[in-house]
Each structure stands twice: as C-alpha cells, then as structure tokens.
Amino acid sequence: MSQVADRETAELETVFEQTIADNDRIEPRDWMPEDYRRTLVRQIAQHAHSEIIGMQPEGTWITRAPSLRRKAILLAKVQDEAGHGLYLYSACETLGVSREELTGLLLAGKQKYSSIFNYPALSYADVGTIGWLVDGAAICNQVPLCRTSYGPYGRAMIRICKEESFHQRQGYELLLTMMRGSEEQRAMVQESVDRLWWPTLMMFGPPDSDSANTERSMAWGIKRHTNDELRQRFVDMTVPQAERLGVTLPDPKLAWNEETGRYDFGQPDWEEFWRVVKGAGPCNRERLAHRQSAYDEGAWVREAALAFAASERSES
Amino acid sequence: MTVKGEWPLYEVFVRSKRGLNHVHVGSLHAPDDELALRHARDVYTRRNEGVSIWVVRSEAITASSPDEKDPLFAPSGDKVYRHPTFYDIPADVPHI
C-alpha cells in the first residue's frame, strides 16, 4: 500500500518539477509539494497583509492633504492598497486557507507584513516619499513576480503592477511640486527622504547570505531574483530620479562604479531591520492594534449582512 | 470552503468590452449576490476594466480534475482530422 502511494507521489512530483522546469504555471488544483504550498501561503499572506497594513501610514494624511485634488488622489491610492490586499488574499485562498484564518494569523502576530509600514508618516512630504521610494521598491519586487510559478499569484501581481505605477508617479509629482516651493518645503522633502531611505532599502529583505528562503523559492520559481539583485536594481533606478528631484540620498558610500556600470552603496542597519521584524519597530503595536479595532468594529456589519442575506433567502 | 460566520466566496468574471467574453478575474467574499456584484465593481473595475460583471458562488462551480488518471481531455488528443491542417489542398485552390 505505502509503496504504491510512494510511487504515486514520486510520479506527481515529477510532473510538478517538469512544470516548473518548463516555466509553466502551477494552478490551484494541481498536486504540489506541501513545502511549496506552505512557502506560497507565507509569502502571499505577508504580501496581502502588507497592502492592508500599508493603508495606515498614508491614511492618516487623507483628511490633512492640502487640497481637494491631493485628497482625492490619496484616497484613490489608499483604496487601491485595499484592492491589492484583496487580490492577494483571493490568490492565497486558492491554496486552501480561509480569509478568517489569514486575518487571525496576522492579528496573532504569527504572519508578518513588510517592515516598512512599522515606520510612521510624520510629515506630509512622507506621502510623496512613500509613493516615490516605497512604491518604487515595491514595483522592483513585484514586476518579476508577475512571472512567478504559481498562476493565481502571478495574475494578482499583473493587476497590481498596472496600478502601482500611478502610486509612484503621484508621489514623485508631489515631491517635485514641493521642491519648487519654499525653502521650508524643500527641507521637508529632504528630511523625509533622509528618514525613509534606509527603511526602503530594507524592504528587499536581508542580504542573500542571510536569507533563509531565497534559494528554495528561486528553485521553485516563486522568486525570480535574489534580495540583493533587486536592491541593486532599485538603487540604480532611483539615483537619477533623486538627482532630478534635487535631494541627496543619505548614503556617503553611494557612488557610480565605472567598472560594474552600477552604483555602489552602503548597507542598511540590519540589526534595526531584525528588531523591527521581531516587533520592536516604532509602530508595530499601533499598526496591529488599529487593524484589530477595525476588525472588531466591523464585526456587527459582517454579521448584519449575513443575517439580512439569510432572511432574504427564507422569504423567497 | 465556508468557515462559520465568514461571508461565502464568489468567483468574479468581467467582460472588459463589448464583443469579448467574460473572463475570470479572481474571487471575493460577500454576504449575498447583490453585494457580491457591488464588491466586484469596487475590487475589480476601479479603472473602467469592465462593462459587465458576473458573480457566482464558488461552491456552485463544478471543475474537471487535473489529477484524473484517465484524463478528461484524452479523447481530443488523437483526432487530428478535427484540425484544418490535416487536409492537403493544392496550393492553387483559392480562398480555402
């Protein structure tokens, strides 16, 4: 019996490996190794939670944005983040976990979200910097994920990437506008960039030498590039944008390398990164508490809608 | 799979413009059909991606299994004569 089962599993594994090798996509009802499924659930859930928690830092500025135009833009952007979270939760649920379960794991601190959202948005310039740098880094991470080996994840990423470009451009335009303003406004932009530059570089995750999941995720086609490759790509893209904007990136080691044709740059404080990941960042507790209260305060709406649906069914 | 107290899962199909089929775009949770449509509009068509939306309870979908030993699609594999390229037509015959 177990020999037959073993042989069957081996056959299924061969089909799975071949699908990956052919650069084809794995779909929800295909057989997949338990570790592949677990890795995907962890990564997609982390990604979905990041979109949802990511609404908080910028969301606080919606009522305080300086014009109706800026309010409308920011509102649309934060609404997109909610949408992105929902695409990703929907992709994650195809792997056999429920939405309730995922929300529960986030609230219990058992699943993570991107460390960047544990930093506060202290000034209005941060709305611009988050769009330019944080969403710029997200785009670097996400574009290759459109080709990830798990079909529903890749399809969600395609939708997200289409919308993410608006996020980055509105941020850059906001900063450009401030840079054309007063001395005080320019200082606000520089201060914001100084504060958010290093946490942005941390978004790509720890250096390859310390990244526990990278190697296997690459072999399975879940990830297409290593953390360090993506970080380098981001720096190369961003430096000319910073120059055009007229801000200084706060890294004394940042320099063009003639030989490699890329920028050399310094490393973020990785001890800070691990502290924030482990829960001791500036806003970790606040972010989860806010998510918990939104969940609790929404409970009566969810229950009322279900009760209404049940009463409609019993009448018809 | 419906967890107790959780809104049921719906699959969402969007027709992006007249003349095209509805295409599956993802899923969402909603308490009933009417709200599923409204949520689908907010989640999947924020930028004029659609002119028409279908929603259907996920549990109402019957799907073929990719793991079947005797694949469902095998009967179409050995019928090459169903394809136009199976037939040799002289090159000088027009419009065929």
Side-chain angles (χ1 to χ4, degrees), chain A residues 8 11-12 15-16 19 26-32 75-77 79-104 151-153 155-156 158-160 162-163 165-166 298-299 301-313 316, chain B residues 1-17 21-50 53-74 77:
Chain A
E8 275 178 15
E11 275 170 28
L12 291 168
V15 173
F16 172 83
T19 307
I26 305 294
E27 294 296 344
R29 289 159 59 85
D30 290 342
W31 182 91
M32 60 187 87
L75 194 59
K77 188 195 172 213
Q79 191 191 11
D80 272 354
E81 310 293 2
H84 295 178
L86 294 178
Y87 304 155
L88 288 160
Y89 281 131
S90 135
C92 203
E93 286 179 276
T94 63
L95 292 158
V97 279
S98 74
R99 182 78 54 95
E100 280 288 308
E101 215 175 328
L102 293 170
T103 306
Y153 190 26
R155 293 192 284 275
I158 290 171
R159 302 187 73 84
I160 290 173
K162 276 189 193 159
E163 300 178 354
S165 172
F166 143 58
V301 179
R302 295 191 296 275
E303 285 160 19
L306 269 183
F308 178 76
S311 76
E312 288 285 288
R313 267 199 308 278
S316 61
Chain B
M1 136 184 35
T2 307
V3 178
K4 193 178 173 300
E6 194 175 49
W7 289 353
L9 193 64
Y10 283 81
E11 300 300 324
V12 182
F13 300 79
V14 171
R15 183 201 294 286
S16 58
K17 61 177 190 181
N21 287 323
H22 285 75
V23 172
H24 182 244
V25 293
S27 62
L28 51 75
H29 289 273
D32 58 38
D33 299 353
E34 176 65 29
L35 278 168
L37 264 184
R38 286 166 185 268
H39 290 180
R41 182 201 62 186
D42 291 343
V43 177
Y44 292 104
T45 62
R46 287 194 302 285
R47 289 178 176 77
N48 303 317
E49 291 94 334
I53 301 174
W54 288 348
V55 291
V56 60
R57 287 278 286 265
S58 305
E59 62 188 23
I61 292 180
T62 306
S64 63
S65 164
D67 294 345
E68 274 173 37
K69 288 273 176 244
D70 180 17
L72 187 67
F73 304 104

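Here is the naming used below: chain letters follow the sequence lines, and residue numbers restart at 1 for every chain.
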I'd like to check the side-chain hydrogen bond (donor to acceptor under 3.5 Å, both in side chains) partners of A/Thr19; sequence neighbours left out, ordered by chain and number. none
Side-chain donor/acceptor pairs under 3.5 Å, residues 303-312 of chain A, sequence neighbours excluded:
| from | atom 1 | to | atom 2 | distance (Å) |
| --- | --- | --- | --- | --- |
| A/Ser311 | OG | A/Phe308 | O | 2.9 |

Bottom line for A/Arg155: the part with an atom under 4.5 Å from chain B's heavy atoms is neither
Tabulate, in ascending numerical order, the residues of residues 37-49 of chain B having at least one heavy atom closer than 4.5 Å to a heavy atom of chain A, or enter 'none'. B/Val43, B/Tyr44, B/Arg46, B/Arg47, B/Glu49
Ignoring hydrogens and geometry, is there a side-chain-to-backbone donor-acceptor pair from B/Ser58 to B/Leu9 under 3.5 Å? yes
With A/Arg159 via salt bridge (charged side-chain N to carboxylate O under 4.0 Å, His left out) - residues at least two apart: none
Taking every non-hydrogen atom, the tightest pair across B/Glu6 and A/Ser98: OE1-CB, 3.8 Å
Would you check if the side chain of A/His84 reaches a backbone N or O of A/Leu86 as a donor-acceptor pair within less than 3.5 Å? no
